[in-house]
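Predicted model, so just to flag it, every value in this text is computed and none were measured. Ligands are counted one by one from 1 in listed order, and the atoms in each one are counted from 1 as well. Along the sequence shown, residues carry numbers from 1.
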Amino acid sequence: MSSLSRSTRRAFLKHSGLALAGMGLERASASGQAQASTAKAAALDPSTLKPFVDPLPVPKVARPEGLRANPENRAEKIPYYRIAAREVRVKVHRDLKPTRMWSFGDSFPGPTIETQSGQGMIVDWVNELPKRHFLPIDHTLHGAERSAPEVRSVVHLHGGRTPAESDGYPESWTTPGQVQTCFYPCAQHAAQLFYHDHTMGINRLNIYAGMQGMFLIRDRREDELELPSGAYDIPLLVADRLLDTEGQLRYPVSEFPERPWVPEVFGNAILVNGKLLPYLEVEPRRYRLRIFNGSNGRFYRFSLSNHAEFQVIANDQGLLEAPATVKRLPLAPAERADIVVDFAPMAGATLTMVSDSFDILQFRVAQKGAADTSRVPAVLHTPAVQLDETNAARTRRLTLDERMDDVQRSMGMLLNNTPWHAPVTEKPVLHTSEIWELVNLTDDTHPIHLHLVRFRILDRRRFDTFDYQSKGVLRFMGPVEAPAALEAGWKDTVRADPGMVTRILVPFEGYAGRYVWHCHILEHEDNEMMRPYEVLAAPEPA
Ligand code: C2O
Ligand code: CU
Ligand code: CU
């Protein structure tokens with residue numbers, strides 16, 4: 001059934017949702033009248049803009065306001081941050097008017113938070129947003145009913161091993177004027193995490209508006225490797241948007257004014273650290289680029305326009321055991337990868353980081369620079385314990401499902417055919433490992449993310465979706481596929497490909513409590529492709 005329903009759905013989308021009614025200029029609501037009256041400016045075609053006229057901005061690093069007591073050890077004082085979410089105007093390109101966005105601090109992306117492994121912190125996330133949303137809320141979605149306040153926010157630290165009370169549960173939102181206080185212990189490996197809005201039913205809109213930023217954990221072990229650092233270690237937040245000729249954000253809507261939700265959003269304006277088609281002047285030496293796909297739904301395949309190889313040294317949860325040398329880096333929404341590019345052989349050249357047909361970022365390599373003393377060792381990281389899947393306490397088979405209405409339109413996706421509000425079904429025990437088999441019955445790749453934990457990808461294997469749906473039988477149709485070298489490290493988000501069983505091995509470490517797991521395509525997540533899960537406290541030894 002899938003391929004037919006898929007093409008029907010595609011045809012439907014072409015004729016409706018992705019035709020892009022203009023949204024979001026003035027006060028937008030789900031009513032057709034508001035949509036029509038806000039359709040002022042035409043869609044922007046970014047190829048009409050002069051490329052590479054703006055230097056790449058690097059978000060500033062957040063500064064603590066002072067010290068507070070560590071909630072786990074009152075005698076210790078830890079850094080205290082206060083970061084406000086508010087409306088900002090962002091110059092995304094020299095020749096565009098400033099774009100209205102919602103961000104943290106006074107720019108988009110918000111400030112980068114940096115800490116050392118084991119150095120905890122307190123963050124007060126202050127909601128200073130306006131009272132009305134400027135993107136099209138779908139009030140039929142769970143959590144976004146008309147009875148709920150229009151503007152709500154809750155911040156989650158993606159990839160953080162965080163106590164449940166501080167994790168940013170989707171229903172624990174604040175309204176303008178309120179504060180969410182979080183304790184982040186950061187007792188975990190050096191890695192590139194990120195923070196973002198996670199509000200039930202509107203997180204796709206809040207993040208599209210700009211509510212995300214980067215969060216870097218460093219540690220001594222990594223510093224000792226002498227990887228490129230300081231000015232040669234640059235975070236890149238890549239996120240696509242649709243803009244109009246006035247430089248304002250557009251978020252597409254369906255043809256149904258009462259149900260504006262669309263199943264996916266792909267922008268043709270790809271922002272890097274908030275700039276459209278920026279350039280970066282580099283020295284002819286090694287750089288560490290920490291790439292984070294912060295898009296709602298776009299997948300990238302990054303490469304360099306001169307076809308040069310580069311090394312992947314880390315992914316979601318930190319260093320790989322060994323660098324992987326590649327020419328192309330695939331990155332699904334919410335995935336991160338740190339790459340090292342050696343510009344030394346390219347002195348004097350100009351090249352571009354591209355993804356398929358999109359230009360992303362131009363590099364202008366100087367003729368000369370200071371001596372490069374950095375290196376990329378052949379062994380980056382030696383794991384303390386080898387994970388053994390035979391020690392898993394249990395295996396859970398979990399399906400990824402698409403719901404169709406009677407004319408074969410997508411009504412959204414589900415995890416294990418279960419809506420968000422149904423009772424919790426996944427209850428792993430703290431300090432045990434489980435294998436989760438993600439059985440993808442849909443026609444999309446879904447980047448599946450679990451809060452709290454890090455995991456290993458075991459393998460992927462093609463199966464017969466028809467047999468599974470009609471007889472409930474899992475019949476494999478292909479060989480076991482090991483993860484690619486660049487997926488071999490600790491992950492917190494995994495691509496579950498269509499028609500494949502993707503197996504992950506998850507040690508549940510950190511804290512007991514209520515967390516969530518979900519697809520990180522934000523349109524899916526907001527429409528029921530998210531489930532709570534509960535880590536149960538380990539029983540006391542007898
Ligand atoms: Cu990036 Cu539920 O998170
Ligand atoms: Cu997360
Ligand atoms: Cu999905």
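- Ring centroids of Phe108 and Trp102 are separated by 6.0 Å or more, keeping the two rings apart.
- Here Tyr195 and Phe215 keep their ring centres 6.0 angstrom or further from each other.
- Without hydrogens or angle criteria, Thr199 side chain to Val154 main chain gives a donor-acceptor distance under 3.5 Å.
- For atom 1 (Cu) of ligand 1, the count of nearby protein N, O or S atoms, meaning those under 2.8 Å away, is 3.
- For Tyr208 and Tyr251, the distance between ring centers is under 6.0 angstrom.
- Annotation: His158 is not in aromatic contact with His198 [ring centroid separation under 6.0 Å not met].
- Protein N/O/S atoms closer to the Cu ion (ligand 3) than 2.8 Å number 3 in this structure.
- When Tyr515, Tyr533, Trp420 are each tested for a ring-ring contact (aromatic ring centres under 6.0 Å, His included) with Tyr169, only one passes: Trp420.
- By the 4.0 Å N-to-carboxylate-O rule, Arg456 lies too far from Glu389 to be salt-bridged with it.
- Side-chain contact between Tyr184 and Ile113 is absent, with no heavy atoms from C-beta onward closer than 4.5 Å.
- Under 4.0 Å is where a charged nitrogen must lie from a carboxylate oxygen, and between Asp356 and Arg328 no such pair does.
- Under the salt bridge (Lys or Arg N to Asp or Glu O under 4.0 Å) criterion, Glu509 pairs with no residue, sequence neighbours left out.
- Judged purely by distance below 3.5 Å, without hydrogens or angles, the side chains of Tyr511 and Asp167 never pair a donor atom with an acceptor atom.
- In summary, the aromatic rings of His524 and His518 are positioned with their centroids too far apart to meet the 6.0 Å limit.
- Protein atoms of type N, O or S found under 2.8 Å from the Cu ion (ligand 2) total 2.
- Atom CZ in Arg298 sits 7.5 Å away from atom OG in Ser355 (nearest 0.5 Å).
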